[in-house]
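Count residues from 1 along the sequence.
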Amino acid sequence: MINSNVNALGIIFPNTYDSVVPELVTERLMASIPFAGRYRMVDFILSSMVNCGIDNISLIVRKNYHSLMDHLGSGREWDLTRKNGGLNIVPPYAEKSVKIYDGRVEALASVLTFLKSQKEKYVVMADANVAVNFDFNSLIDAHVKSGADVTMVYAEQEIPVGLLEAPMESHDMYYTLDLDPDGVRINRIRINSKREGIQNMAMNICIMDRELLIDQIGTAYVHGYIYFERDVLAHQLDKLNVQAYKYEGYFARITGMKSYFDENMKLLDDANLDGLFAENPIYTKIRDDNPTRYILGASAKNTMTADGCLIEGEVENSILFRGVKVGKGAKVKNCVLMQDTVIEAGADVEYVITDKKATITAGKEVKGTDSYQVFVAKNKVV
């Protein structure tokens, strides 16, 4: 993390798609949802930016951001503790705006003064609902080389069922892209499309010139526009050169509780794990725990276990976050257990997602199915 890309600054929108996982965001936002044993969702985009030398990064939050502030702190783990630039968390009402923003236009309008005072040529924008080890330098290079006004990142996939079925709020729209025959320029942006088959799904990562962004947001805000992709880009595809950048690596997109469970469980496959972590390091808040202890008689098969755990029972095909305790005689199978969960002696749990500091008491049997997992909320005792 010693290089610096002075040509680009980063902006992350941590609350986008909160509505697709209501169970997990009662006291937090999408960006601070735990993922992959010891990380939060924001760690992946934030680390990817830092690894590419972007050291001026702002997070524009809407609500429930105290857990995010606690996790990020001063940005020390990401080497973002700096006099100039570094990590900047922008709370609601930071500027003259008198309401919580809905879309990117309103969010960016609240930091226009900040954007005008910066020196970087480009702005990279991203949401935090995708866990990905992304090479932003390749994106920047492709954008500069193409001469595009805006470059949007997409991946080829079917539209996730969670997005098709979820009663999403208006600011959680998703976008698919229609490309020209050369597969370079975007000629249509579809909003909440229901089309079947493989689509060019936007990953909500894009880059554009800072001065152009300031001009576009200033004009859009005056006209009462709210959503950047829908209200600004989609109506100017004939005026702006909006190009596409295809991402072909591994990523995990959270689109609901089922996808949250599935994307965690996919990391038990070494190929997926390498796809997310092998390219560049992912940084997170340090918690000084002891190594996990396996007591005599314990059994663990095909599990991802973070530090600080205590295993006395049986664990199979599961993701265990920091500090999880599995009591003697307890059975844990096909579960995602968040930080400091306690499974007491003799309990039998299968297809269960627990939030932080949840407890399954001794002898209890709690079982879901592959299609519907049981969720135990934070601090709850079952």
Side-chain angles (χ1 to χ4, degrees), residues 11-20 29-31 45 60-63 92 97 99-112 115 123-130 143 148-160 162-180 184-195 199-210 212-247 253-256:
I11 296 179
I12 300 174
F13 303 92
N15 283 99
T16 312
Y17 298 104
D18 282 356
S19 63
V20 302
L29 34 60
M30 172 64 75
I45 286 294
I60 309 178
V61 298
R62 295 182 70 248
K63 59 181 180 179
S97 174
K99 66 174 185 176
I100 296 176
Y101 72 83
D102 281 327
R104 284 189 179 185
V105 170
E106 292 182 335
L108 292 167
S110 71
V111 294
L112 271 184
L115 288 173
V123 177
V124 175
M125 296 180 286
D127 291 337
N129 69 312
V130 176
H143 176 75
D149 294 315
V150 183
T151 301
M152 299 178 67
V153 180
Y154 75 95
E156 292 184 341
Q157 66 172 130
E158 293 186 3
I159 300 173
L163 294 181
L164 292 172
E165 297 179 349
M168 295 185 297
E169 296 179 9
S170 58
H171 55 264
D172 290 337
M173 293 180 288
Y174 62 89
Y175 305 94
T176 56
L177 313 176
D178 290 355
L179 310 181
D180 64 13
V184 175
R185 187 159 179 168
I186 299 171
N187 55 41
R188 183 174 181 180
I189 298 176
R190 297 179 181 268
I191 303 162
N192 292 351
S193 170
K194 306 297 183 182
R195 293 196 299 179
Q199 307 294 321
N200 300 321
M201 279 210 68
M203 294 179 68
N204 295 345
I205 298 172
C206 69
I207 180 174
M208 65 187 299
D209 185 274
R210 179 176 59 86
L212 177 61
L213 177 64
I214 292 170
D215 179 67
Q216 290 291 323
I217 294 301
T219 301
Y221 190 67
V222 168
H223 286 84
Y225 297 152
I226 299 174
Y227 306 106
F228 183 69
E229 292 87 349
R230 187 194 73 178
D231 298 335
V232 177
L233 296 184
H235 296 295
Q236 297 190 83
L237 294 176
D238 57 337
K239 299 178 182 178
L240 296 175
N241 181 5
V242 182
Q243 296 200 4
Y245 178 92
K246 183 179 179 179
Y247 178 74
R253 189 195 300 260
I254 305 304
T255 61

Quick one, [X] and [Y] - any side-chain contact, counting heavy atoms below 4.5 Å?
X	Y	value
Ile191	Tyr175	yes
Leu163	Met201	yes
Leu108	Phe13	yes
Leu29	Arg62	no
Val123	Ile214	no
Met208	Phe228	yes
Glu229	Met173	no
Ile186	Asn200	no

Before you tell me yes or no, could you show the steps for Val61 and Asn15 under side-chain contact (heavy atoms from CB on, under 4.5 Å), namely the whole-Å CA-CA distance, both residues' side-chain angles and the distance that decides it to 0.1 Å?
CA-CA 6 Å; Val61 298; Asn15 283 99; 3.9 Å; yes
As a test of understanding, state which of [options] forms a side chain to side chain donor-acceptor pair (under 3.5 Å) with [X].
X	options	value
Tyr17	Asn204, Thr255, Asn129, Asp172	Asn204
His143	Thr151, Asp149, Asp209	Thr151
Asp178	Arg190, Gln199, Arg188	Arg190

For atom NZ of Lys239, is the number of surrounding heavy atoms from other residues, nucleotides or ligands below 6.0 Å larger than 12?
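Counting other residues, nucleotides and ligands, NZ of Lys239 stays at 12 neighbours or fewer.
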Walk me through whether His223 and Asp231 qualify under side-chain contact (heavy atoms from CB on, under 4.5 Å).
CA-CA 10 Å; His223 286 84; Asp231 298 335; over 6 Å; no
To the closest 0.5 Å, what do you measure between [atom1] ([X]) and [atom2] ([Y])?
X	Y	atom1	atom2	answer
Tyr174	Leu164	OH	CG	4.5 Å
Leu112	Leu213	CG	CG	7.5 Å
Tyr227	Glu106	OH	CD	7.5 Å
Lys246	Tyr154	NZ	OH	5.0 Å

Heavy-atom closest pair, residues [X] and [Y]:
X	Y	answer
Ala234	Arg230	CB-O, 3.4 Å
Thr176	Ser193	OG1-CB, 3.6 Å
Met30	Val20	CE-CG2, 4.1 Å
Ile189	Leu177	CG1-CD2, 4.1 Å
Val153	Tyr247	CG1-CB, 3.9 Å
Ala109	Ile217	N-CG2, 3.7 Å

Within the distance-only criterion (no hydrogens, no angle test), does the side chain of Gln216 pair as donor or acceptor with the backbone N or O of Leu212 below 3.5 angstrom?
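Answer holds: no.
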Is the backbone of Asn187 close enough, under 3.5 Å, to the side chain of Asp180 for a donor and an acceptor to pair up by distance?
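No; judged by distance alone, with no hydrogens or angles, the pair does not exist.
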Before giving the answer on side-chain contact (heavy atoms from CB on, under 4.5 Å), spell out for Asn241 and Arg185 the whole-Å C-alpha distance, their side-chain angles and the decisive distance to 0.1 Å.
CA-CA 7 Å; Asn241 181 5; Arg185 187 159 179 168; 3.8 Å; yes
If the threshold is 4.0 Å, N to carboxylate O, is there a salt bridge linking Asp127 and Arg104?
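Salt bridge present between Asp127 and Arg104.
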